[in-house]
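Numbering of ligands and ligand atoms starts at 1, following listing order. Note that the structure is predicted; figures quoted are calculated from it, not measured.
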Amino acid sequence: MNTSREGKKIYLGRAVLSGTVASLIMLLVILYARYSLGVGATFELIADRIAPLIPVMLFGKIIGIVGGYTPLKELGVISVLVAQTIVGIVGGIIFGRLFSLRDERPRAAITFLVIFVAGLWLLSMFLLWPVLGSQYRGAPAKTGVWETAFTLLCAYAAYGLTILLGYGALSSGRAEPEGSGAVMTARGAFLLPIVGVLAACGAGVLLRKLFGVSTIGYDGTQYKGADVRSITPNDRFYVVTKNVLDPAVSRDAWQLDIDGLVGRPRTYRFADLTALPSIRQETTLMCISNEVGAGLMSNAVWKAVPLRTLLGAAAPKSGIAKVVFHAADSYSDTIDFEKAMNPTTLVAYEMNGAELPAHHGYPVRMIVPGLFGEKSVKWLRRIELTERDAKGFYQQQGWGPSFVTPTHSRIDAPSAGSPLAAGKAAELRGIAFAGDRGVSGVEVSTSGGTTWRRAQIVYPGTRLTWVLWRYDWRPEKPGRYDLAVRATDGMGNVQTASVRGTEPQGSTGYHHLDIRVV
Ligand SMILES: Nc1nc2c(c(=O)[nH]1)N[C@H]1C(S)=C(S)[C@@H](COP(=O)(O)O)O[C@H]1N2
Ligand SMILES: [Mo]
C-alpha cells in the first residue's frame, strides 16, 4: 500500500521531470533556430496567427486592461512558453503512465509518443499554415515555410527523444517490471537533471540575447514636443511594430517577388531595385493608433522606386482589385490598384540619405502617402496583385474600412506643465498634417475654441507632409487658458472638432492644452 503510493509519486515525479526537461530541449531548438537563422519561433507564430482574429474593439480593450501593446506582447510570449511546457509535461505524464503499465518492450508508450510528436507537428502545420512563411532574415516565404516546418519537426523530435532518454527506453530497450517505475535507472536519474540544467542554461542565454534586441525597448517610440524639427532624424522617427522581435533582414538573403495576376512575374535582388530610376520624396507617416496630440507620426525624405514602375514591368492583368504587400514577419497590408499606380506610392530603400534602419524596414519598405502608416509595410518581401478583396493584418481585426488620414494638428510648445508669465510674449508651436491633401492653414485658439487666430506656417513642407506652425501670444491676465489648434487641409476642409477614438478608423478632434499663466 505504502510502497505503491510511493511508487506512484516517483512515477509522477519522473514523468514530470522528463516532460519538463524534454520541453526545455524543445525550447532550446526553437530559440537556437530563431537566434541563428531567423526561423519564426512558436511564440511569434502563434501570436501572429491569433492577433488578426481578435476583433478591433476587443483588441483595444485587452490593450487597455494589460496596460499597452508591449505588455500584451509580453503576456503572449509568456503564455505560449508556459502552454508549450504544460503540453510537454502532459505528454511526459501520459508516456510515463503507459510505460509503467508494461513489463515487456514499452510498445504502447512509444507508439503514443510517436503519435503525440507527429500529431503535434501536423497540428502545428495545419493551424499555423498562414504564418509558417515568416523568415526574419528576409528569405522568401517558400524558404521560410520549409525552415519553420523542419525546425518544429526537429524541436518536437528532440522532445520525444528526450522523453525516451529520460525513461532509459533508448538504452535498455526494456521496461522495468510493473510498479517499479519507482526504480529509475541510475543513469537516467543522473543524466536527466543534468541535461535539464544545461538546456535551461542554454535557453536562458538565448532568451536573454533575444530579449536584448526585442522591440520592447523601442516599440511605440513617439516624436513630439518642443524640439520637433521639420525632418525627423532617423533614430527618433516613431516606431510601431506588431512584433516582439523585428526582422533583421540580410540583404543577400532578401529578394522582392512580384506575382499574382501578372503576365510577367518578377524577382528583384537589392541591386536590381536600386539600379532602377529612383526619386526622393518627403512624406509624413502617421499610425492609426495615434491619439489626438500624440507623437506616433514623423516626417522623412524617402529614396525610392515608384511602385508603378515595378507593377508596369510585371504586366498586370485586367480585373485587379488589390495590391497586397507581404513582409518577412508575415505582416501584410493592401491598397487599391489605383492607389498602387499613383506616382507617389513608393518602394523605398533610403531614409534621410541613409539606408533604411532595421526598425524601419531594412532593406525595403512601402511608403503609401495619404493612408495610415499601417499600409507602409516594412521589411517588404513580396507584392501580390489579386482580384480578391484581400485584407491586411490589422484590417482583419476590423480596423477601417477607411484608412485615409484625417486632418490632425498638435501643440508641441509650450508644454502643459510649465506656466507662462502674464504680459510676456510666448511662442506657441506645433505641427499639422492632412495625409496627402496638404495643409493650407492652421488656427490657434486661446479661449478653448470660441475664437480662432491664424498661426504662421514656418515650414510648409509639401502636399504629402506635415507643416510646422508658430503663433505669438501675449497672455495679458493670469489664470488658466484652454489652448487649442485646428488645421485646414489643401481642399479647404477644416479639421473636424468631433471627438473620435482611435478604433477603428483613427482618432479625430482638436488637441487642447491647459496652460497656467502667472
Ligand atoms: N512588416 C511590418 N510592417 C509594418 C508594421 C509591422 O508590424 N510589420 N507595422 C505598421 C504600422 S502599424 C505602422 S504605423 C508603420 C510604422 O512605421 P515606422 O515604425 O517606420 O514608423 O509600419 C507599418 N508597417
Ligand atoms: Mo500603426
Side-chain angles (χ1 to χ4, degrees), residues 38 40 44 47-48 51-52 56 59-60 63 69-70 72-73 131 133-136 138 141 144 214-215 217-224 232-249 254 256 283-291 294-302 304 324-335 346-352 354-369 371-383 392-397 399-400 403 405 408 433 435 466 502-507:
E44 295 168 300
D48 287 345
V56 53
F59 186 70
I63 284 180
Y69 202 0
T70 301
L72 176 61
K73 292 179 193 176
V131 295
S134 293
Q135 219 297 337
Y136 293 81
S214 80
T215 62
Y218 58 84
D219 184 23
T221 298
Q222 302 203 13
Y223 185 62
K224 63 173 183 178
T232 314
N234 286 0
D235 59 356
R236 295 197 56 195
F237 203 95
Y238 88 92
V239 187
V240 175
T241 168
K242 72 164 178 63
N243 302 313
V244 277
L245 291 165
D246 274 338
V249 172
W254 181 88
L256 177 62
T283 305
T284 301
L285 296 185
M286 181 173 86
C287 179
I288 198 167
S289 306
N290 192 51
E291 282 163 15
L296 291 179
M297 57 194 300
S298 295
N299 186 41
V301 178
W302 309 93
V324 192
F325 308 114
H326 299 272
D329 56 351
S330 283
Y331 181 87
S332 69
D333 213 336
T334 71
I335 57 174
L346 308 180
V347 178
Y349 55 88
E350 268 187 29
M351 179 177 181
N352 295 331
E355 62 183 23
L356 281 184
H359 303 171
H360 297 292
Y362 178 88
V364 170
R365 76 173 301 167
M366 288 305 304
I367 293 295
V368 184
L371 303 180
F372 284 118
E374 281 54 33
K375 304 285 174 186
S376 292
V377 172
K378 304 189 270 190
W379 310 289
L380 181 68
R381 201 171 53 168
R382 176 180 169 222
I383 298 172
F393 187 87
Y394 288 112
Q395 249 174 315
Q396 288 176 51
Q397 291 188 331
W399 293 87
F403 290 87
T405 320
H408 264 256
F433 179 51
W466 63 19
T502 55
E503 296 110 8
Q505 298 197 91
S507 64

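When heavy-atom distances to ligand 1 are checked against a 4.0 Å cut-off, Tyr238 comes that close through both its backbone and its side chain. The side chain of Ala327, and not its backbone, has at least one atom closer than 4.0 Å to an atom of ligand 1 (non-hydrogen atoms only; side chain from C-beta on). In Met286, neither the side chain nor the backbone holds a heavy atom less than 4.0 Å from any atom of ligand 1. Contacts between Phe372 and ligand 1, counted as non-hydrogen atom pairs separated by less than 4.0 Å, are absent for every part of the residue.
A cation-pi arrangement, defined by a distance under 6.0 Å to the six-membered ring centre and an angle within 45 degrees of its axis, is present between Lys73 and Tyr69.
The one candidate from Asp219, Thr215, Asp48, Asp329 that meets the side-chain hydrogen bond (donor to acceptor under 3.5 Å, both in side chains) condition with Asn243 is Asp329.
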Steps toward side chain to side chain contact (heavy atoms under 4.5 Å, CB included) verdict (Leu356, Met351): CA-CA 5 Å; Leu356 281 184; Met351 179 177 181; 3.7 Å; yes
Step by step, work out the side chain to side chain donor-acceptor pair (under 3.5 Å) result for Ser134 and Glu44. CA-CA 9 Å; Ser134 293; Glu44 295 168 300; over 6 Å; no
Full working for side chain to side chain donor-acceptor pair (under 3.5 Å) between Asp246 and Tyr218: CA-CA 11 Å; Asp246 274 338; Tyr218 58 84; 2.6 Å; yes
With side chain to side chain contact (heavy atoms under 4.5 Å, CB included) as the criterion, how do Tyr238 and Leu285 come out once you've worked through the C-alpha distance, each side chain's angles and the decisive distance to 0.1 Å? CA-CA 9 Å; Tyr238 88 92; Leu285 296 185; 3.8 Å; yes
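Nearest non-hydrogen protein atom to atom 23 (C) of ligand 1 is Gly373 O, 3.4 Å. Nearest protein heavy-atom neighbour of atom 24 (N) of ligand 1: Ser376 O, 3.2 Å. Closest to atom 11 (C) of ligand 1 among all protein heavy atoms lies Glu374 CA, 3.9 Å. Annotation: atom 10 (C) of ligand 1 to nearest protein heavy atom, Tyr331 OH, 3.6 Å. If you check which protein heavy atom lies closest to atom 9 (N) of ligand 1, you get Val240 O, 3.6 Å. Nearest to atom 22 (O) of ligand 1 among the protein's heavy atoms is Lys378 CE, 3.5 Å.
Where the criterion is an N or O separation shorter than 3.5 Å, residue side chain and backbone included, Asp329 meets it with respect to ligand 1. On a distance-only criterion, His359 and ligand 1 share no N/O pair closer than 3.5 Å.
For an aromatic pair to be called close, the ring centres must be under 6.0 Å apart, and Trp302 with Phe237 satisfies this.
For the pair Ala327 and Lys378, the tightest heavy-atom approach, listed with the atom from each and the gap, is CB-O, 3.1 Å. Considering every non-hydrogen atom in both Lys242 and Ser330, the closest pair reads CE-C, 4.4 Å. The two atoms that bring Pro52 and Ala47 nearest to each other are CD-O, 4.4 Å, heavy atoms only.
For CD of Gln396, the number of neighbouring non-hydrogen atoms (other residues, nucleotides, ligands) closer than 6.0 Å is greater than 12.
Using 4.0 Å as the threshold, Val377 has a heavy atom nearer than that to some atom of ligand 1.
Close approach of ligand 1 to Thr241 is summarised as follows: ligand atoms under 4.0 Å from at least one heavy atom of the residue are 7 (O). Heavy-atom contacts of Val239 reach the following atoms of ligand 1: 19 (O) (cutoff under 4.0 Å). Within ligand 1, the atoms closer than 4.0 Å to a non-hydrogen atom of Cys287 are 14 (S), numbered from 1 in the order shown. For ligand 1, the atoms closer than 4.0 angstrom to any heavy atom of Lys242 are 7 (O). Atoms of ligand 1 lying under 4.0 Å from at least one heavy atom of Phe237, given by number and element, are 21 (O).
Between Tyr223 and Trp466, the ring planes are parallel. Angles under 30° get that label, and only those over 60° would be called perpendicular.
The closest non-hydrogen atom to atom 17 (O) of ligand 1, taken over Arg381, Arg365, His360, comes from Arg365.
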